[in-house]
Number of protein chains: 2
Amino acid sequence: MALEVFAVEGYRGTSLRKVASLCDLSLAGVMHYFDSKEDLLVQILRERDARNEISGTIEEQEGRLADILGQGHHEPGLIALYVTMAAAAADPEHPAAAYFHERNARLLKISEDSYYADKPAPSAEELQYLHAVTRMVLATADGLQQQWLVDRSIDVVGTMKLLMEQTHEATERKLETLRAAAADA
Amino acid sequence: MALEVFAVEGYRGTSLRKVASLCDLSLAGVMHYFDSKEDLLVQILRERDARNEISGTIEEQEGRLADILGQGHHEPGLIALYVTMAAAAADPEHPAAAYFHERNARLLKISEDSYYADKPAPSAEELQYLHAVTRMVLATADGLQQQWLVDRSIDVVGTMKLLMEQTHEATERKLETLRAAAADA
DNA sequence: GTCTATACATGGATAGAC
DNA sequence: GTCTATCCATGTATAGAC
């Protein structure tokens with residue numbers, strides 16, 4: 001699909017009629033494939049995620065995340081679309097709501113699975129802590145991109161690396177504490 | 001101004017005509033006070049910031065930030081508005097662009113000033129590091145609120161405290177290293 | 001099934017009267 | 001300063017050709 005073409009180049013107040021003409025189609029020709037404009041926009045995000053699949057070990061994932069964030073600098077339109085849809089997803093009825101719920105659950109699971117691939121199963125307390133940390137890292141990635149839209153001089157990748165560095169230290173320390181406490185009991 | 005009333009209660013696809021009727025005005029009556037709808041929305045954000053002024057020591061500021069984030073849970077419409085405008089500010093011509101630039105500069109300065117209120121002046125390297133950390137913390141706050149819009153069960157305040165805790169440790173360690181290196185030279 | 005053409009409702013913006 | 005009236009763009013829905 002050439003859906004992304006227009007969105008990559010620039011998502012502003014792009015109307016469906018402009019999209020249609022860029023695809024050498026008429027308005028209804030476009031609407032035949034989508035339930036609504038919002039649905040179209042969300043599907044663009046879905047396709048981007050499909051391209052940016054994440055896998056591998058935690059270290060590989062974090063490197064991949066940094067790559068994706070850096071690559072995003074070439075498609076500000078998609079970043080703006082992502083942020084806009086996140087706001088729209090405040091309404092549970094909006095198609096973006098389902099998208100973000102699925103996405104968050106998927107990312108959380110990927111992170112969890114890879115972290116415990118070569119480790120013994122975690123305690124419930126450990127798992128809860130790791131979920132919180134993962135959500136924090138993902139939130140920072142989102143927030144940095146949001147700020148980058150406003151100020152393109154912000155170093156998204158560098159700041160993420162700063163966060164990951166300090167998070168690794170803190171997490172290792174915390175998990176050791178938790179395990180020691182569990183061993184005592 | 002009773003501008004916020006409608007925005008606090010719920011910013012969705014609220015039309016200016018609805019806003020006007022809530023103010024017992026006509027559409028043109030509202031437009032008399034604002035350059036455009038976007039201008040109105042940005043001014044709502046400005047007024048919110050005026051209410052949520054931040055001051056005091058770093059510790060007080062962080063407590064205040066947590067309070068504000070917690071309080072934000074009662075006005076999801078304003079959070080959604082903030083996120084939406086951040087995306088719109090990707091266009092430098094949009095009125096939100098100036099707003100966010102001013103806001104970021106102000107927050108950065110407030111943080112810097114209070115941190116060095118009772119300390120010797122920092123080196124350029126130190127300052128750069130602290131700016132990066134501050135931006136990271138602010139980005140996480142933004143990102144958490146963005147995610148909270150989608151999933152209201154997310155613990156924004158708790159996650160922020162988690163971040164601040166580990167950031168304090170890492171920052172102290174980093175600054176000591178920088179100062180030791182400076183003392184060597 | 002896939003597309004074109006058209007009609008309709010709504011929203012933002014503007015002009016001009018009082 | 002506020003109103004009425006109007007204009008234009010846009011999202012959405014429908015009818016119908018191929």
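Below, read A as the first sequence line, B as the second, and so on, with proteins coming before strands; counting in each chain starts at 1. None of the values given here were measured: they were computed from a predicted structure. Computation of the quantities below employed the complete heavy-atom set of this structure, encompassing side-chain atoms and omitting hydrogens, waters and symmetry-equivalent molecules.
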> Taking atom P of C/dC3 as reference, at what distance in whole Å does atom CG of A/L16 sit?
Replying inline: 16 Å
> Given atom NZ of A/K37 and atom C1' of D/dT10, what is their separation to the nearest angstrom?
Replying inline: 8 Å
> For DNA chain C, whose closest nucleotide is more 5', that of B/K18 or that of B/A28?
Replying inline: B/K18
>> Can you confirm whether or not the ring centre of A/F100 sits under 6.0 Å from the ring centre of A/Y82?
In response: yes
> Base, sugar-phosphate, or nothing: which does A/L27 touch, judged by heavy atoms less than 4.0 Å apart?
Replying inline: base
> Of the non-hydrogen atoms in B/M85 and B/V42, which two are nearest, and what is the gap between them?
Replying inline: SD-CG2, 4.1 Å
> Rounding to a whole Å, what distance do you find between A/D24:CG and C/dT4:C1'?
Replying inline: 14 Å
> In whole angstroms, how far is the C1' atom of D/dG1 from the CZ atom of B/F34?
Replying inline: 14 Å
>> Assess, by modelled atom type and distance only, whether the side chains of A/S111 and A/Q61 contain a donor and an acceptor separated by less than 3.5 Å.
In response: no
> Expressed in angstrom and rounded to an integer, what is the separation of A/L40 atom CG from D/dT10 atom C1'?
Replying inline: 15 Å
> 5'-most contact on DNA chain D: A/S15 or B/H32, nearest heavy atom basis?
Replying inline: B/H32
> Whole-Å distance between D/dC3 P and B/M31 CE?
Replying inline: 14 Å
>> As a test of reading the structure: which of C/dT2, D/dT12, D/dT4 is closest to the side chain of A/Y33, going by heavy atoms?
In response: C/dT2
>> Of the listed nucleotides (C/dA13, D/dT12, C/dT4), which one gets closest to any side-chain atom of A/L25?
In response: C/dT4
>> Expressed as a whole number of angstroms, how long is the span from A/D35:CG to D/dG11:P?
In response: 16 Å
>> Do B/L138 and A/V156 land in one hydrophobic cluster if side-chain heavy atoms of ILVMFWY residues count as linked below 4.5 Å?
In response: no
> What is the distance from CG of B/L41 to C1' of C/dG11, rounded to the nearest Å?
Replying inline: 13 Å
